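Computed from a predicted structure; not experimentally measured.
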Amino acid sequence: MGYDEPGRNTSVEPSSGVPAAVLENVFDDPNHGEPGRDRVAVHIGWEVVLLVGLAVLGWLLWRDAPDVLRGAGLRSLLVDVVALGLLVLAAGLSLRTAAVNLAIGPVAVAAALHFAEQGDRGVVAAVAPAALVAAVAGLLLALAVVVLHVPGWAASLAGAAGVVVYIERRAEPVLVQGEYDPRRHAYYLCAGFAAVAVLGGLFGAIRAVRRLVGRFRPVADPARRRGAVAAVVTSAALVGSTVLAMLAGVLIAANGTGPVAPTAGLDWTVLAVGVALLAGTSAYGRRGGIFGTLFAVGLTSAFLAYAQARDWTVSRWAVGAVALGVGLVVTRLVERFGRPGSPAPEAPEPAGDGPLSSGWAVHGSGPVEDWPPTLPTPATDSPMDPWRSSRWETEPRRWDDGR
C-alpha cells in the first residue's frame, strides 16, 4: 500500500546520492565525476579555427614559395608532417590517459642517432632493435607510473634524463648511413598518419572508449588508485607513445639533409606536447577532438616551412612555447565548455500502488509514520451530549405523578 520508504531497495552511489542506474546513463565515470556526457561542440568549433589557419598559411606558402608545395619539396614537407605528427600522436595518446610522456623528444633523437649509425644494415635490421628497446623502455616507464602511482610527467622526465645520458655519449654529429629515402613513400606515409589521427579521434569521441582511455585521470584524491583497468590502459599508452616517438626519430634522420646532432631533444618534447594541446587535447586527460591533431600538425609544419622559405630564424623552442601557451588556453576552453551540462537525474518511480481504476493514485513520497496510527487522546472536559438536556433532568416526570 506504499507505506515503505521510496528508494529503499535502490542502489545509491555514496558520493552523489544518485541511483546507480541513473549514474550509468549520465556519468562519464559511473563511480565518480559530474553528471552528464562530454560535449564535442567546443572541439568542432576550435577545429574550424585550425582549418582556417591552415588554409591561410597554405595560401601564403603557395604565394611566396610555390616550390615547397610541388614535386620534391612537397614530398619532403609531407615526411616532415608525418615525423612531427607521430610525435604529436605520442604526446596526445599519453595526454589522453592523464600520464603525459615527456621522454618522447629524447627518445626520437636517440632513435635518429641509432638509425644514422645502423641505417646501412637495412631499414628492418635498424628499426626492429630500436622498436624493441623503445617498447621495453616504455614498459619500464609504465610500471613506474602505475605501480608507484606517481604522475606520468615526473616519471617520464626521469626517463628522459636517462635517455639524454645515452645521447651525450656522442660528442659529434652522426652522418646518416644507408640509402633509405622516405620521400619515395611520402604520400602513403601521410595518408597513413591522417587515417590514424582521424580514426583515433573518432574512436576517442565514443563515450565508452573515452571513459576507458581516461580512467587514470584523477577525480578526487590524486593518490587514490584508479583500478587495474586504468593501469593496463595507461601502460599500453605509455608503451605506444614511446614506440611512436622512436618511429618519428627514424623519419627525422632519414628525411634530413645533414648529420644528426646529439642534442637533448627536449625541444621536440615541448613542440609535440604544445601541438597536442593546440589540437584540443586536454592537459588533464580524457577529452580531445577528432580532426584537431591533423589540422594542428599541418598548421605547425606549414608555419615552419613558411619561416624557412622566408629565411626567418625560428627555433623549435619558440614555436613549442607559443603552442604550449595557446594550448593551455584551449585546455581551459575544452574543460569549461566540453564538460557535461549536469542534467537533473531522473526521479525514481514512486513506490505507491500506481493509478487506480477511478483515476486516483496513492503516492508514497511522504514520511513514514507508525501504523496503525495512534488514536488522539481525548480531552479532559468531554463535550456535552446533544441528546441529554438539563431540562429533562429538572422537569417532573409525568409517570411519577401517578397519571
Evaluate Val198 against Phe291 for side-chain contact (heavy atoms from CB on, under 4.5 Å), listing each step before the verdict. CA-CA 6 Å; Val198 175; Phe291 301 96; 3.7 Å; yes
Show the numbers, then the answer: is there a side-chain contact (heavy atoms from CB on, under 4.5 Å) between Ile290 and Val40? CA-CA 9 Å; Ile290 300 175; Val40 298; 5.7 Å; no
Would you name the heavy atoms of Thr269 and Pro106 that are closest together and state the gap between them? OG1-CD, 3.5 Å
Check Asp181 with Arg184, please: is the shortest side-chain N to carboxylate O separation under 4.0 Å? no
Quick one: CG on Leu143 to OG on Ser235, what's the gap to the nearest 0.5 Å? 6.5 Å
Closest contact, heavy atoms only, Ser94 versus Asn101: OG-N, 3.1 Å
Does the side-chain contact (heavy atoms from CB on, under 4.5 Å) test come out yes or no for Leu69 and Leu77, once each step is laid out? CA-CA 8 Å; Leu69 300 178; Leu77 176 61; 3.9 Å; yes
Taking atom OH of Tyr188 as the centre, report whether more than 12 heavy atoms of other residues, nucleotides or ligands fall under 6.0 Å from it. no
Closest approach of Val124 to Pro129 (non-hydrogen atoms, all atoms of both residues): O-CD, 4.1 Å
Answer whether the closest heavy-atom distance between the side chains of Val326 and Leu277 falls below 4.5 Å. no
For Leu50, run the side chain to side chain contact (heavy atoms under 4.5 Å, CB included) check against Val330, Leu299, Val297 and tell me which one passes. Leu299
A side-chain contact here means heavy atoms from C-beta on lying under 4.5 Å apart; do Trp268 and Leu87 qualify? yes
Heavy-atom distance under 4.5 Å between the side chains of Leu189 and Pro182, does that happen here? yes
Heavy-atom side-chain contact between Phe295 and Val49 under 4.5 Å: no
Which atom pair, heavy atoms only, marks the closest approach of Val68 to Ala305? CG1-CB, 4.2 Å
Evaluate the ring planes of Phe115 and Tyr180, with Trp represented by its six-membered ring, and classify them as parallel (under 30°), tilted (30 to 60°) or perpendicular (over 60°). perpendicular
What do you reckon, are the aromatic ring centroids of His149 and Phe216 less than 6.0 Å apart? yes
Are Leu333 and Trp46 side-chain neighbours, meaning at least one heavy-atom pair lies under 4.5 Å? no
Test Arg96 against Thr281 for side-chain contact (heavy atoms from CB on, under 4.5 Å), laying out the working first. CA-CA 7 Å; Arg96 281 287 189 107; Thr281 305; 4.3 Å; yes
So the side-chain hydrogen bond (donor to acceptor under 3.5 Å, both in side chains) pairs with at least one residue in residues 116-131 (sequence neighbours excluded) are Glu117-Arg170, Gln118-Arg121
The reported gap from CD in Gln308 to CG in Leu61 (rounded to nearest 0.5 angstrom) is 10.5 Å
If you draw a 6.0 Å radius around CZ in Arg63, do more than 12 non-hydrogen atoms from other residues or ligands fall strictly inside? yes
Of the non-hydrogen atoms in Thr263 and Ile167, which two are nearest, and what is the gap between them? O-CG2, 3.3 Å
Distance in Å, Arg210 CZ paired with Arg286 CZ, rounded so as to fall on 0.5 Å steps: 6.5 Å
